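Each remark here refers to the structure printed beneath this line.
What you are looking at is a predicted structure, and each value in this text was computed from that prediction instead of being measured. Just so you know, these numbers use all the heavy atoms, side chains as well, and skip hydrogens, waters and symmetry mates.
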Protein chains: 2
Amino acid sequence: MPDFDPLALENQLCFPLYAASKELTRRYKPFLDPLGLTYTQYVTMMALWGHDGVTVGELGSRLYLDSATLTPLLKRLEAHGYVDRKRSAEDEREVIVSLTDKGRELREKAVSVPYCMAGCIGISPEDAIQLKALLEKLLSSF
Amino acid sequence: MPDFDPLALENQLCFPLYAASKELTRRYKPFLDPLGLTYTQYVTMMALWGHDGVTVGELGSRLYLDSATLTPLLKRLEAHGYVDRKRSAEDEREVIVSLTDKGRELREKAVSVPYCMAGCIGISPEDAIQLKALLEKLLSSF
DNA sequence: CGTTGATTAATCGCGTGCGATTATATTGTG
DNA sequence: CACAATATAATCGCACGCGATTAATCAACG
């Protein structure tokens, strides 16, 4: 390849990653709107459905988000009645985030979302599995 | 798998895609700061280095961005002196975006960025190529 | 026991990202 | 030609996303 252009958009790994992430997020919107969740709020709820009663910092490390993003987001989830935020008794610096009953109930409405999205993904299950594995490898390499 | 949880974070394709995209963008920052570009501005400049003198709409379809994002972004690039925005003479609805000399010169400083980033990617070139191909397949399936 | 340093969230500022609307210009149709 | 339909960018509102700073609390050490 005598004329490989390192600055051409089509030669970047980052660009399809960036574009695909945005597109996929956009695909979630019609399924998340009925739940009153944004994509980031949905991911946060998934993390909490897995394990709640955690600090903002723990949640952030699982989601790759810091308190500047999480604090206002959690306040919105709290305003919707899905989560509870309270200072830890042992350590007043920490804020413990827990699901409310309404937040746990929301999970029932959300279980269909992954199945709806599976129908939107235009690649084979094998490709999807491989893609997921490669992304996780990239992510853990940082 | 008797207890597969469709709402577990570790069972999602979207989450590592979302997280890896953010992380990679963050990795670009130290290399882009000296150029005075954000990641999105860098991607926009790459698109223009490939082919400029295009409308906002054309640029947006190449970058998967709409005018609500591009217009203010292009105004910032214009304020930095990298691009030129002017109404088309044939069709006054269109705005033609072109590189300035300064914008073309910026390319010389940017050529090292992909090589710097290659050193930050913690996966093998083979994996990177395969990952790029799968992302493009996913993207084109939308 | 007080003071210093570290930890944790919250806040601030700026730049996306995008659905929805608006303003302007062009095109098509009778 | 008039006028409705369409196309294009700009604008608006809200929610991230994150580097940097701030405020409050805790831990360590003399």
Contacting residues from residues 17-53 of chain B, given that a heavy atom lies under 4.0 angstrom of DNA chain C: B/T38, B/T40, B/Q41

Within residues 57-70 of chain B, residues whose heavy atoms come under 4.0 Å of DNA chain C: B/Y64, B/L65, B/D66, B/A68, B/T69

Using nucleotides 24-29 of chain C, report all nitrogen or oxygen pairs with the protein that are shorter than 3.5 Å.
| from | atom 1 | to | atom 2 | distance (Å) |
| --- | --- | --- | --- | --- |
| C/dT26 | OP1 | B/E92 | N | 3.1 |

Side chain to side chain contact (heavy atoms under 4.5 Å, CB included) against B/A133, all qualifying residues, sequence neighbours excluded: none

Residues that B/D66 engages under salt bridge (charged side-chain N to carboxylate O under 4.0 Å, His left out), provided they are two or more places apart: none

Donor-acceptor contacts, no H, no angles, side chain residues 77-84 of chain A, under 3.5 Å, sequence neighbours left out:
| from | atom 1 | to | atom 2 | distance (Å) |
| --- | --- | --- | --- | --- |
| A/E78 | OE1 | A/R85 | NH1 | 3.1 |
| A/H80 | ND1 | A/R76 | O | 2.9 |
| A/Y82 | OH | A/L35 | O | 3.3 |

First and last nucleotide of DNA chain D, 5' to 3', lying under 4.0 Å from heavy atoms of chain A: D/dA15 to D/dC26

Less than 3.5 Å apart, which donor and acceptor atoms pair up between the side chains of residues 43-54 of chain A and the rest of the protein, not counting sequence neighbours?
| from | atom 1 | to | atom 2 | distance (Å) |
| --- | --- | --- | --- | --- |
| A/T44 | OG1 | A/T40 | O | 2.8 |
| A/W49 | NE1 | A/G103 | O | 3.0 |
| A/D52 | OD2 | A/L99 | N | 2.9 |

Return all side-chain donor-acceptor pairs below 3.5 angstrom for residues 15-22 of chain B, not counting sequence neighbours, or 'none' if the list is empty.
| from | atom 1 | to | atom 2 | distance (Å) |
| --- | --- | --- | --- | --- |
| B/K22 | NZ | A/L63 | O | 3.4 |
| B/K22 | NZ | A/Y64 | O | 3.1 |

Those residues that, when tested against B/Y42, pass ring-ring contact (aromatic ring centres under 6.0 Å, His included) (two or more places apart): B/Y28

For B/D33, side chain to side chain contact (heavy atoms under 4.5 Å, CB included) partners two or more places apart: B/K29

Contact list for residues 130-142 of chain B, test salt bridge (Lys or Arg N to Asp or Glu O under 4.0 Å), sequence neighbours left out: A/D127-B/K137, B/K132-B/E136

